[in-house]
Undergrad: 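Mind having a look at this structure? Questions to follow.
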Amino acid sequence: MNDQSQASPSAQSSSVNDRSTVTPESQAARTLTLPDELLLMLLNEESGYFRQVPGWDLNCAVVGAVLAELSLIGRIDTDMDYLILLDKTPTGDPVLDDILREIADERGQQNARYWIERLAPHAETIIDMTLDRLVAFQILQYHDGDFWTLSRTAWQSAQPHASTEGAGTEFVTTRISNVIFNNEIPDPRDVIIIALANTCDVLRFVFPIEEEYEERVEILCKMDLIGRAIADAVANNLSGPFLQRAALTKEIPTVPLHKLLLNPHLRKGNLPALFADLAERYGPVFQLRPPFQKPMIFLAGPETNRWAHRHGRMYLRAKDYMQDFEKLYGASGLIQGLDGADHFRMRKAMQPGYSRKRLEGQMDALIHHARKHMATWQPGVPGSMREMCRELINSEISPLVVSVDSQDIIADLLTFKERALSTHVAGILPKFMLAMPGMRSRRKVIDPLVDRIKHSHTPAQRAGCPRDLADDLLSLHASDPQFLPESNMKFLLSAPLLASMYLGDAFSFAAYNLATRPELCERVRSEADALFDSGNPNSEDFAASAISVTHRFIMESLRMFPVVPMSIRTVMNTCVVEGYELQEGSRLYIAQTASHYMSDVFPDPEKFDIDRYLPPRDEHRNLGYAPYGLGTHTCLGSRWMELQMATNLLLLAHHFTFEATPSGSGPQFSPFPSVSMGKKVKFVIAEKRREIPTAPAAD
């Protein structure tokens with residue numbers, strides 16, 4: 001269900017989640033600005049991100065685009081010596097007005113190069129605001145993991161330089177292409193965009209510019225004074241190299257092994273709290289030096305989360321730690337280990353199968369499968385909370401995602417997966433432990449499972465059935481067997497069932513918290529009774545207002561008990577994070593959930609408090625909340641997971657009273673290979689509050 005070997009998840013920043021409200025009137029009046037057009041020019045739809053430009057060059061180009069826009073609308077003017085304020089009246093565009101205000105507050109006149117240097121630190125905010133606006137106006141479409149593509153819906157931009165023949169609907173690359181290759185008379189805006197893109201050295205990636213056109217580009221770049229001044233300021237800025245990276249990096253602090261071993265959070269198995277404690281003592285970047293092993297470098301805290309989320313794609317790769325794991329399944333290039341354009345393409349192909357929308361279309365089936373399994377629970381008979389919850393979740397995921405029943409083999413599948421992660425990813429067990437007779441026998445259930453799925457997905461078997469993830473994968477393999485070869489199908493078809501481990505473990509923590517917090521349980525039960533007393537609710541009934549308590553309860557459970565506390569990456573390009581240099585080839589452990597236990601992010605972090613997520617607190621609206629991972633490998637099924645967990649929690653509260661033992665000192669953790677409930681924690685149904693309907697799911 002997730003896009004990492006650990007099923008890793010990622011919380012999005014508030015700038016991504018909080019899209020602006022757009023009225024038809026405001027959209028009709030929409031005019032693309034130069035910052036808008038510059039980002040559209042840099043967009044690489046194949047990779048879902050933007051063509052990589054060195055940080056300083058990009059910052060200067062973005063600020064230059066803002067200054068050029070202010071010049072074109074008559075707020076400033078520039079010559080070779082000075083940038084002159086003409087009119088400080090706000091434009092109504094926050095991107096432009098923030099910069100205009102800075103200029104208006106300056107005493108004395110400065111040149112364009114001064115302002116580009118001065119304003120370069122604003123570039124990241126400008127980019128965030130510009131992207132949000134392009135998404136709000138349906139020019140760009142946002143995808144989880146910080147990916148963007150051009151929206152497929154028709155859009156109109158009433159650009160003042162557009163011809164009456166409808167050139168306003170052309171994307172910027174089409175206009176620029178006509179100017180460069182067809183010798184069209186350029187608009188001043190086009191000259192500026194060409195100058196900025198040429199300065200960033202991305203024109204050659206956007207267009208196949210041969211030698212005969214290079215002279216044309218050079219001439220165009222010199223045609224407009226503002227474009228030339230800004231391009232010169234970007235190209236010749238002497239401060240850039242010093243601002244791109246720290247001149248003196250700090251030595252990464254080492255955590256003494258005895259300090260680690262004596263830490264109370266390690267003994268409890270609470271890895272997020274452990275990493276938070278170490279970060280408080282040693283800083284956001286620290287290392288462990290285990291005997292006979294390479295140093296383990298950790299990032300922990302909201303600032304390193306932000307860096308990993310925004311810049312990890314340029315400096316980190318996932319494939320190295322996945323290679324041995326892939327070989328166990330005879331695969332190569334699985335989505336968990338892909339980076340770049342192939343990773344984005346695979347995400348787009350698999351996204352529908354893991355989407356909340358697809359689960360919403362099968363709510364009756366989800367409720368039926370959940371009740372059918374819950375009906376097997378006997379009051380007064382204790383069971384392992386971890387195993388009961390994993391089996392419950394698998395009883396739903398298996399028929400919904402791959403249209404087979406796998407309850408008879410799920411325990412063997414999950415046991416093999418856990419051992420494979422422990423030996424070939426986490427490295428906490430020697431590899432020969434996977435070759436033990438018991439593991440070899442468990443591995444053998446994978447082939448029959450895959451055959452079971454394939455045989456249930458013939459045209460006759462699938463006639464009239466709702467589409468599932470297996471349909472998506474088999475179709476992709478048939479249409480492009482090179483991109484998705486048969487050798488990868490064994491893992492990809494079994495992977496949804498392996499998600500039963502992660503989603504089941506997350507649900508077990510939520511169920512434990514519900515059992516041990518009676519006041520909150522009653523509030524969840526009130527929402528459950530309101531939903532189910534009149535029959536099965538549909539997807540619209542699970543509105544935010546109807547399950548507010550349940551949703552916030554799940555969020556808090558995921559904060560305190562995230563099942564994937566960190567992600568493993570390899571540094572592919574040397575970089576500097578928080579003043580510490582990370583060398584190419586270093587193994588990096590991104591402890592994204594450490595901030596869950598930092599008091600400056602979540603006050604009183606040891607307290608289970610579902611009101612953290614209500615205004616005005618909104619403590620989750622930053623990258624300190626990261627139960628679903630970070631960056632490009634954000635959990636692919638996070639929204640599916642939230643709805644499935646909520647549905648199960650509500651059904652549990654509606655039909656049963658229940659207990660968890662032991663309950664006094666909090667749940668016990670098993671921290672590897674992912675965080676799960678300790679085996680000694682038991683779950684007991686005290687009594688049935690309501691009979692469980694046995695009617696089959698609707699077709």
Side-chain angles (χ1 to χ4, degrees), residues 269 365-400 405-415 418 438 442 445 497 499-522 524-525 528-529 532-533 536 550 553-554 557 561 563 644-670 675-697:
L366 171 62
I367 294 169
H368 166 71
H369 291 304
R371 282 174 164 161
K372 181 179 178 181
H373 188 82
M374 289 179 179
T376 65
W377 293 345
Q378 297 299 314
V381 179
S384 166
M385 174 163 277
R386 183 174 71 175
E387 303 311 319
M388 288 178 68
C389 290
R390 286 182 177 184
E391 290 173 2
L392 168 66
I393 295 301
N394 180 69
S395 74
E396 303 157 10
I397 286 183
S398 191
L400 293 176
D405 177 52
S406 61
Q407 286 289 90
D408 57 323
I409 58 174
I410 189 61
D412 287 338
L413 280 173
L414 297 187
T415 300
E418 285 186 297
R442 289 181 172 90
V445 304
L497 307 188
S500 303
M501 180 171 76
Y502 302 107
L503 181 49
D505 289 344
F507 180 69
S508 70
F509 283 114
Y512 178 91
N513 284 307
L514 202 65
T516 56
R517 304 180 194 280
E519 291 185 4
L520 288 174
C521 183
E522 285 305 314
V524 170
R525 183 166 285 138
D529 293 347
F532 290 101
D533 274 347
N536 282 3
T550 305
F553 186 94
I554 290 170
S557 184
F561 312 107
V563 295
Q644 188 174 356
M645 281 186 66
T647 303
N648 278 281
L649 209 62
L650 289 161
L651 283 170
L652 184 64
H654 182 65
H655 288 292
F656 304 106
T657 58
F658 41 88
E659 300 170 354
T661 58
S663 61
S665 57
Q668 298 173 348
F669 295 92
S670 178
V675 177
S676 61
M677 187 75 68
K679 293 182 179 180
K680 294 182 180 180
V681 179
K682 302 299 181 181
F683 187 63
V684 183
I685 298 297
E687 64 175 345
K688 291 184 178 180
R689 296 182 66 239
R690 289 173 173 80
E691 287 301 316
I692 298 178
T694 57

Undergrad: Whether D505 and R386 form a salt bridge (side-chain N of Lys/Arg under 4.0 Å from carboxylate O of Asp/Glu) is what I want to check.
TA: no

Undergrad: Between D533 and R690, is there a side-chain heavy-atom distance shorter than 4.5 Å?
TA: yes

Undergrad: Can you name the closest pair of heavy atoms from L497 and L414 and give their distance?
TA: O-CD2, 3.9 Å

Undergrad: Would the distance check show the side chain of R689 and the main-chain N or O of A653 forming a donor-acceptor pair, the cut-off being under 3.5 Å?
TA: yes

Undergrad: To check you understand the geometry: which heavy-atom pair defines the closest contact between Q668 and P662, and what is its length?
TA: NE2-CG, 4.2 Å

Undergrad: State, yes or no, whether a side-chain contact exists between R371 and L651 at a heavy-atom distance under 4.5 Å.
TA: yes

Undergrad: Is any side-chain heavy atom of N648 closer than 4.5 Å to a side-chain heavy atom of E396?
TA: yes

Undergrad: For atom NZ of K688, is the number of surrounding heavy atoms from other residues, nucleotides or ligands below 6.0 Å larger than 12?
TA: yes

Undergrad: Any heavy-atom pair between the side chains of R390 and S676 that's under 4.5 Å?
TA: yes

Undergrad: Starting at OG1 of T550, measure out to CG of L649 and round the result to the nearest 0.5 Å.
TA: 6.0 Å

Undergrad: Show the nearest heavy-atom pair for residues R525 and F656, with the distance to one decimal.
TA: NH2-O, 2.8 Å

Undergrad: Check for a donor-acceptor pair, side chain of S398 on one end and backbone N or O of N394 on the other, with a separation under 3.5 Å.
TA: no

Undergrad: Looking at every non-hydrogen atom in both residues, tell me the closest pair between P667 and F561 and how far apart they are.
TA: CG-CE2, 3.7 Å

Undergrad: Can you confirm whether R442 sits close enough to L413 that some side-chain heavy atom of one is under 4.5 Å from a side-chain heavy atom of the other?
TA: no

Undergrad: Is T415 reaching over with its side chain to a backbone N or O of A411, donor-acceptor style, under 3.5 angstrom?
TA: yes

Undergrad: Do S557 and I554 have side-chain heavy atoms sitting under 4.5 Å apart?
TA: no

Undergrad: Above 12 or not: heavy atoms from other molecules or residues under 6.0 Å from NZ of K372?
TA: no

Undergrad: Would you please classify the geometry between the F683 ring and the W377 ring as parallel, tilted or perpendicular, with 30° and 60° separating the classes?
TA: perpendicular

Undergrad: Under a 4.5 Å cut-off applied to non-hydrogen side-chain atoms, are T376 and E391 in contact?
TA: no

Undergrad: Heavy atoms only: give me the nearest P693-H655 pair and the separation to one decimal.
TA: CD-CE1, 3.9 Å

Undergrad: So which atom in I685 and which in Q378 form the shortest heavy-atom distance, rounded to 0.1 Å?
TA: CB-O, 4.4 Å

Undergrad: Taking atom NZ of K680 and atom OG of S670, what is their separation to the nearest 0.5 Å?
TA: 12.0 Å

